[in-house]
Amino acid sequence: MSLPIFGSQPTDNTPIVGIDLGTTNSLVAYVPAAASESGARNPMILKSREGKNLIPSVVSFMDGKPVVGYAAKEHKVRDAVHTIFSVKRLLGRGFDDLKGSLGTLPYKILPGQGIIRIQVGDRVYTAVEISAAILRELKLSAEQALGMPVTRAVITVPAYFNDSQRQATRTAGRLAGLDVLRIINEPTAASLAYGLDRKRQGLIAVYDLGGGTFDISVLKLNDGIFEVLSTNGNSLLGGDDFDQALANQTIHDIRTQWGINAAENATLHAAILEAAENTKIALSSQDHFTLEVKVDSERVFRHEWTVEAFEALVQPILEKTREPCLKALADAGLKPSDLSDVVLVGGPSRLAAVQKIARDIFGRDPNNSVHPDEVVAAGAAIQADILAGRNRDFLLLDVVPLSLGIETYGGLMSTLIPRNTRIPTVARETFTTFADRQTGVDIHVLQGEREKVADNRSLSRFKLKGIQPMPAGMPRIEVSFLIDADGILQVAAKDLKTGSEQSIEVRPSYGLTDAEVERMLLASMDHAEADAVWRRLVGVKNDAEAVLVAAEKRLPDAFRLLPEPDARKIEQHINELRTALKTEHIESIQRASSHLNQASIRLAELLFKDVIAQSVDGNQ
Amino acid sequence: MRSGLVAVDQASPRNCNSCGTALATGFLCTHCGRLQPLGSEENYFSVLGFAPRLQLDTVLLEKRFYELSRALHPDRFTTSDAENRRISTERMTLINDAYRNLKTSALRRSYFLKLFGFHSAANQKNPRIPVELAETWFELQDALAESPTEAASKLRGFEVELGEFRARKLQALLAIEAEVDAALDKLDPAQSAGTRSDAIAVLAEKLLAEVQGETYLDSMTQNMEHMKKLLL
Ligand SMILES: Nc1ncnc2c1ncn2[C@@H]1O[C@H](COP(=O)(O)OP(=O)(O)OP(=O)(O)O)[C@@H](O)[C@H]1O
Ligand SMILES: [Mg+2]
């Protein structure tokens, strides 16, 4: 079967650029309209207005005006309270998320409900606005490099970003004057650039440890098709955490040595973080380095770090990448040995410790031949080229990173679209009413991997209205959950009796407190065990209830067929099981259930004989 | 491997929904560039160019999936008009769904049964431990109540037996599947979907019974894995 490809669609000539909006560094790339001599459609990194490839994702406010890039990075220490960095860690999150997981930041975050607000001087900004400032700088850089207006872009996000975080990224793009044609996942983008050389085929894993996020994706590369098989990660794990660990140690040492609380002094704190990052980077190419910070006009703190000591310090952080990798492999139905390559991406992959853990997890030498800083932006540019209709050889088949579902009876999440389902996709579910003449049904859309509603991310609640008043259970409302190639969820409802339809676009409000979300994602791993126990409890209870109901029904037979003490015994076990079922204690429920079962064996035999006898009688 | 291809064009010679030109493929008019809306008769098999069969060449299945994705994915229509974009999303959604459901034999089997109108509820008997496994199973239960070391060794024995039993069952299942497919091959291809001949109905009942046995064995395997965690 050969399938013709229709080539006469109009092509828009304004450029679509690819943007890697990183926690630490951002880049913009583009595939030139004219292919190279060899016909290859190769991306190029566009130079920033500062003449560099990278634009540090740092925004500093000078007299209230935002400055972005290296110029801003220089102010990180000098003007710490007016300089915002790692804002991607705040995107689509709420204030409550900051406690514990994000460490302390030198700039001022305002306490309060909902969306995170950052105070700079007498102005207050959201993470979306700060991200928009970075995107605007990228747009201006691209315009300068290309010599024409740039209004369309593909932007990458961590694969494990949830819907709020993706929507927040889109909004930031819009604020920066960019039409965001597509949000794609960073490791997937990396694979596009890696697979530009068509000789690279087969099953690969992309291990992307960036400044603030960790992603793992498993893909199948087949003659220009990039099929994402599974994806996993941790959106609060990255090189920043290594800096944080070194900084915490330093703060602790300074306190012991001089009794100074460095965390309270924004400038000193920023200086420590900077020294920590420098130490980390130095240790990727030398085996020891002295971390130095000027504490005040008289004192300088010094500590010599060896690679061994550093690796011991960060080992627990690196270990956190193991489980997502194993889960991604399992979801793809693969063993490490099935992979033909493990591709390392992200700045920290220059560290021997990162290469070591990847080798340990996958049992093979990882490939660190791709440019760890540039490959994601390059991949975004390739996807932009595909969307522009100029690259017809490549195609990305993507998946949903997190399961989508709805709340059902008993506070449980019922999954409609499991994680790693290919998009576009649709799932349908029929609802009915619980009360007579009920005209509306509440629908609660959730995202996450846990069993209980409360442990997942709430995306949206809406009410299906206009149901014709009927007796309970009569109406049939079919709700469809559609995810388009863009990953945007749309919900449509149809009254199957009347045919009337309504459609709701699920626009998750990033203004909501995201406290639960991230904790949930992380907890999903830590609590897999707790979930399993809980699921088992539900199973055991269900089984025991079935035993109980059956025994209760047969109790009159027991008194008819068995000697009275035996029947009394069954009755007693019924009561015991009933009591046990009120607890959450798996073992006692099982014990009571098995006692009841044993006590009923004789009865079952007698009843069975009864039935046989009756059927024999009936046959005669 | 039998070729299960229903040539979409042969089965339903159609004309372009927009310009009327005869279609070479079921979904795209090469003359005017219009994507063709999905017909109500499409199912997971037809949309991937297969006749409904229990056993498919999965290598060919993947190849078809890739070819169709390449031609129909919405990313190919970003510069096209709204109607083409809508149809492309609709078709790709069905293709994704179809591929997921046909890729693994278990999902394919249950879709197949549903497509032909056989529902597992039809003969729901209380599943029981198969006689072949009963003795070891009850010995294991006794051991569980008495000695953990004894139980551990019984459990290992039971695991082996269960594994072998399942392998035999799988062979039986595959044989019935082949029979069903062969019976379908004899039917008029245009009628095969949705048509239940009596011979096929009998075979399908047999298949259904095997499938239910499978479900029971699945839960037994799960139970065993759980016991293993506790004991070993
Ligand atoms: N030579 C090096 N050795 C160790 N770490 C390094 C080195 N160079 C850069 N890094 C670290 O890499 C991180 C930045 O990596 P990268 O640019 O890939 O992240 P990002 O894309 O900005 O973040 P993310 O992808 O998480 O949003 C920073 O923590 C930086 O300190
Ligand atoms: Mg990155």
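In the text below, chain A, chain B and the rest are named by the order of the sequence lines, each starting its count at 1. All heavy atoms count here, side chains included; hydrogens, waters and symmetry mates do not.
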How far does NZ of A:K220 sit from CD of B:E62, to the nearest 0.5 angstrom? 3.5 Å

Would you please name every residue forming a side-chain hydrogen bond (donor to acceptor under 3.5 Å, both in side chains) with B:R166, sequence neighbours left out? B:D218, B:T221

Heavy-atom side-chain proximity of A:D484 to B:P74 below 4.5 angstrom: no

CG on A:N222 to CZ on B:F65, rounded to 0.5 Å: 11.0 Å

Return the CG to OG1 distance between B:L94 and A:T425, rounded to the nearest 0.5 Å. 10.0 Å

Kindly give the heavy-atom pair with the smallest separation between A:P424 and B:T93, and that separation in Å. CB-OG1, 3.4 Å

Is A:Q383 close to B:D75 at the side-chain level, that is, under 4.5 Å between some pair of heavy atoms? yes

Between B:H73, B:E90, B:M92, who has the most heavy-atom pairs with chain A when the cutoff is under 4.5 Å? B:H73

Under 4.5 Å heavy-atom distance to chain B, tell me which part of A:S594 shows up: side chain, backbone, both or neither. neither

Do A:I386 and B:R76 come close enough that some side-chain heavy atom pair is under 4.5 Å? yes

Quick check for you: to the nearest 0.5 Å, what is the distance between A:I225 atom CD1 and B:R70 atom CZ? 4.0 Å

Take atom CD in A:Q590; do more than 12 heavy atoms of anything else shown fall under 6.0 Å from it? yes

Less than 4.5 Å to any heavy atom of chain B: does that hold for the side chain of A:I423, its backbone, both, or neither? backbone

Straight-line distance of B:T78 OG1 to A:R182 CZ, nearest 0.5 Å: 8.0 Å

A:N420 versus chain B, the contacting section by heavy-atom distance below 4.5 Å: neither

Shorter than 4.5 Å, heavy atoms on both sides: which option in A:L397, A:D393, A:V426 has the most such pairs with chain B? A:L397

For A:D223 and B:Y66: C-alpha separation, side-chain torsions, deciding distance, then whether side chain to side chain contact (heavy atoms under 4.5 Å, CB included) applies. CA-CA 10 Å; A:D223 196 30; B:Y66 284 161; over 6 Å; no

